[in-house]
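Below is one structure, written out as structure tokens, with a few remarks after it.
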Number of protein chains: 2
Amino acid sequence: MSDFTNPRGYPIGEMSKRTGVNIETIRYYERINIMPKPDRTAGGNRQYNHDQLKRLSFIKTSRELGFSIDEIRALLEMVDREDFTCGEVHGLTIGHLASVREKIKGLRKLEKALVGMAAECSQGNVPDCPILETLFQARTRSKPALPT
Amino acid sequence: MSDFTNPRGYPIGEMSKRTGVNIETIRYYERINIMPKPDRTAGGNRQYNHDQLKRLSFIKTSRELGFSIDEIRALLEMVDREDFTCGEVHGLTIGHLASVREKIKGLRKLEKALVGMAAECSQGNVPDCPILETLFQARTRSKPALPT
DNA sequence: GATGCGGTCTGTAGCCACTACAGAAGCAAG
DNA sequence: CTTGCTTCTGTAGTGGCTACAGACCGCATC
């Protein structure tokens, strides 16, 4: 196992190990054009350089932060054209933050509803369950049974 | 527009209006066997009965509570076989609650990270952005840049 | 009974962001 | 030269829908 601290190029597996991005996913990123087509060895295997490693890290970190591929594409385009401003990037981040907060809010409501349902349940072994009764509540005339 | 309070059967559009489930989705539920094949009119249009309306409401409510189709299938199978116990249902609910709480936890971490990044950003119009710097942080030797 | 119009039909393909193969070929060590 | 791991391309599948196309149904009106 060689060292790769100062390599001419990284094979795809090394990229995967270093970034934690699945090999198939790296190729997928190339297909959808957020990773560039790398050099190839004589035999046709991909060889990445350090910039590409950094780019992949960027994508991975952004994905972990929940940015969509399209948001990442937008960020990368700004970077690539070198004509972004910090304000633009901030805006994209704040927008994403808002959507994360929305998701949290929604999940909290779910949590509450589930807790409420579970609390009413005796957990007994009789086939008579308030949870199912709640779920079966007819939502006639399009009144939602749950707060949305 | 007729009343449908006491109908022989509901056409699919009426089911959709009453439950808030998209028509295409209702047909999809039939295809994946969580809704039964309903009666048909002479001409071949679907006609649902009241039980089926209740079942669809059940599915809709459960989906809104974040249950996966497979979890719903499990619930419905218990109901259909009439051999469930309240304890089983409770267990399924608690399991789902745990996964909702996991998701909330994860999103909170994201939220914090995003807030931290955004706070360091001057929002200026210079192309020199601490957010991008954070995202570009190389994650060499598979140390994750973010807590997982 | 013809017409019109909205509802419904089937079947297929697309969405997101991957993931999972199959079957062939590259590459490095011994 | 062989062995055994890595990588290659291409295609199909995942979940949970959604979006068509192009045809047919059903009901009201004239």
Side-chain angles (χ1 to χ4, degrees), chain A residues 1-4 7-35 37-48 52 56 58-76 96 99 103 106, chain B residues 1-4 7-35 37-48 52 56 58-76 96 99 103 106:
Chain A
M1 206 169 269
S2 36
D3 192 39
F4 279 121
R8 307 267 177 285
Y10 312 97
I12 198 167
E14 186 62 25
M15 291 285 279
S16 176
K17 266 176 221 150
R18 285 186 181 237
T19 59
V21 178
N22 201 315
I23 289 179
E24 330 266 77
T25 307
I26 297 173
R27 288 197 283 253
Y28 168 73
Y29 286 161
E30 184 181 328
R31 218 164 48 243
I32 63 169
N33 294 317
I34 63 177
M35 282 296 289
K37 287 181 197 291
D39 287 350
R40 299 285 183 137
T41 63
N45 285 15
R46 289 171 180 80
Q47 280 216 295
Y48 292 93
Q52 289 160 350
L56 187 55
F58 179 99
I59 295 170
K60 171 71 169 175
T61 307
S62 304
R63 286 295 294 138
E64 283 178 354
L65 285 167
F67 285 96
S68 72
I69 294 288
D70 272 354
E71 286 169 327
I72 293 170
R73 207 191 297 274
L75 285 168
L76 285 171
H96 177 57
S99 84
K103 265 184 215 158
Chain B
M1 206 170 268
S2 35
D3 192 39
F4 278 122
R8 306 267 177 283
Y10 313 97
I12 197 166
E14 186 64 23
M15 292 285 278
S16 174
K17 265 176 221 149
R18 284 185 180 238
T19 58
V21 178
N22 202 314
I23 289 179
E24 328 266 80
T25 306
I26 298 172
R27 286 196 285 252
Y28 168 72
Y29 286 160
E30 184 182 329
R31 218 164 48 244
I32 64 170
N33 293 315
I34 63 176
M35 281 296 288
K37 287 180 197 292
D39 287 349
R40 300 285 183 135
T41 62
N45 285 15
R46 288 172 180 79
Q47 281 216 295
Y48 293 92
Q52 289 160 350
L56 188 55
F58 179 98
I59 296 170
K60 170 71 169 178
T61 307
S62 303
R63 286 294 297 138
E64 283 177 354
L65 285 167
F67 285 96
S68 72
I69 294 288
D70 272 354
E71 286 169 327
I72 293 170
R73 206 191 298 274
L75 286 169
L76 285 171
H96 177 58
S99 85
K103 266 184 213 155

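Residue numbering restarts at 1 for every chain, and letters A, B, ... go by the order of the sequence lines.
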Point to revise | Whole-Å distance separating the CE atom of Met15(B) from the C1' atom of dT8(C) | key: 14 Å
Review point. So, for Gly9(B) and Pro11(B), which heavy atoms are closest and what is the spacing to 0.1 Å?
Key: O-CD, 3.8 Å
Review point. Between Gly66(A) and Glu71(A), which heavy-atom pair has the shortest distance, and what is it?
Key: O-OE1, 4.3 Å
**Study point:** Atom pair distance, as rounded to whole Å: CD1 in Ile26(B) and C1' in dA19(D)
**Key:** 16 Å
Exercise for review: Please state whether the phosphate of dC17(D), meaning OP1 or OP2, lies under 4.0 angstrom from any side-chain nitrogen or oxygen of Tyr29(B).
Suggested key: yes
Point to revise | Comparing Arg40(A) and Asn22(B) on DNA chain D - which has the more 5′ nearest nucleotide | key: Arg40(A)
Review point. Do any side-chain nitrogens or oxygens of Arg73(B) fall under 4.0 Å of OP1 or OP2 in dG16(D)?
Key: no
**Study point:** Residues that Arg27(B) engages under side-chain hydrogen bond (donor to acceptor under 3.5 Å, both in side chains), provided they are two or more places apart
**Key:** Glu24(B)
Practice item. Compare every heavy atom of Gln47(B) with every heavy atom of Pro38(B), then report the nearest pair and how far apart it is. Key: CB-O, 3.6 Å
Check your understanding: For the pair made of CZ in Phe67(B) and P in dG16(D), what is the distance, rounded to whole Å?
Key -> 13 Å
Point to revise | Residue Pro11(A), side-chain atoms from C-beta onward, closest of dC17(D), dT9(D), dT7(D) | key: dT7(D)
Study note, to complete from the structure: The residue, Arg31(A) or Asp70(B), whose nearest nucleotide of DNA chain D is more 5′ is Arg31(A)
Exercise for review: Please tell me if the side chains of Ser16(A) and Val21(A) come closer than 4.5 Å, counting only heavy atoms from C-beta onward.
Suggested key: no
Review point. Taking atom P of dA17(C) as reference, at what distance in whole Å does atom CD1 of Ile59(A) sit?
Key: 12 Å
Review point. Whole-Å distance between dT7(D) P and Tyr10(A) OH?
Key: 15 Å
Set out, line by line, the N/O atom pairs under 3.5 Å between protein and nucleotides 28-30 of chain C.
none

Revision key, fill the gap. From NZ of Lys60(B) across to P of dG16(D) the rounded distance in Å is 14 Å
Revision key, fill the gap. The reported gap from OH in Tyr48(A) to CG in Leu56(A) (rounded to nearest 0.5 angstrom) is 8.0 Å
Check your understanding: Taking the side chain of Arg46(B) as its heavy atoms from C-beta onward, which of dC18(C), dC9(C), dT7(D) lies nearest to it?
Key -> dC9(C)
Practice item. Supply the atom-to-atom distance Met15(B) CE to Thr25(B) OG1, rounded to the nearest 0.5 angstrom. Key: 12.5 Å
**Study point:** Sequence-aligned protein contact record of nucleotides 20-27 of chain D, with B where the base is within under 4.0 Å of a protein heavy atom and S where only the sugar-phosphate is
**Key:** B----SS-
**Study point:** Residues which pass salt bridge (charged side-chain N to carboxylate O under 4.0 Å, His left out) with Arg63(A), listed by chain and number, not counting sequence neighbours
**Key:** none
Practice item. Taking side chain to side chain contact (heavy atoms under 4.5 Å, CB included) as the test, write out the residues that go with Ser99(B), two or more places apart. Key: His96(B)
Point to revise | Distance test, side-chain N/O of Thr25(A) to OP1/OP2 of dT19(C), below 4.0 Å | key: yes
Indicate every side-chain donor-acceptor pair of residues 28-35 of chain A with a distance under 3.5 Å to a residue at least two apart or in another chain.
residue: Glu30(A); atom: OE1; partner: Arg46(A); partner atom: NE; Å: 2.8

Study note, to complete from the structure: Whole-Å distance, Glu30(A) CD to dT9(D) P, equals 7 Å
Exercise for review: Starting from C1' on dT12(C), measure out to OH on Tyr28(B) and report it in whole angstrom.
Suggested key: 15 Å
Check your understanding: So what does Ile23(B) touch, heavy atoms closer than 4.0 Å: a base, only the sugar-phosphate, or nothing?
Key -> sugar-phosphate
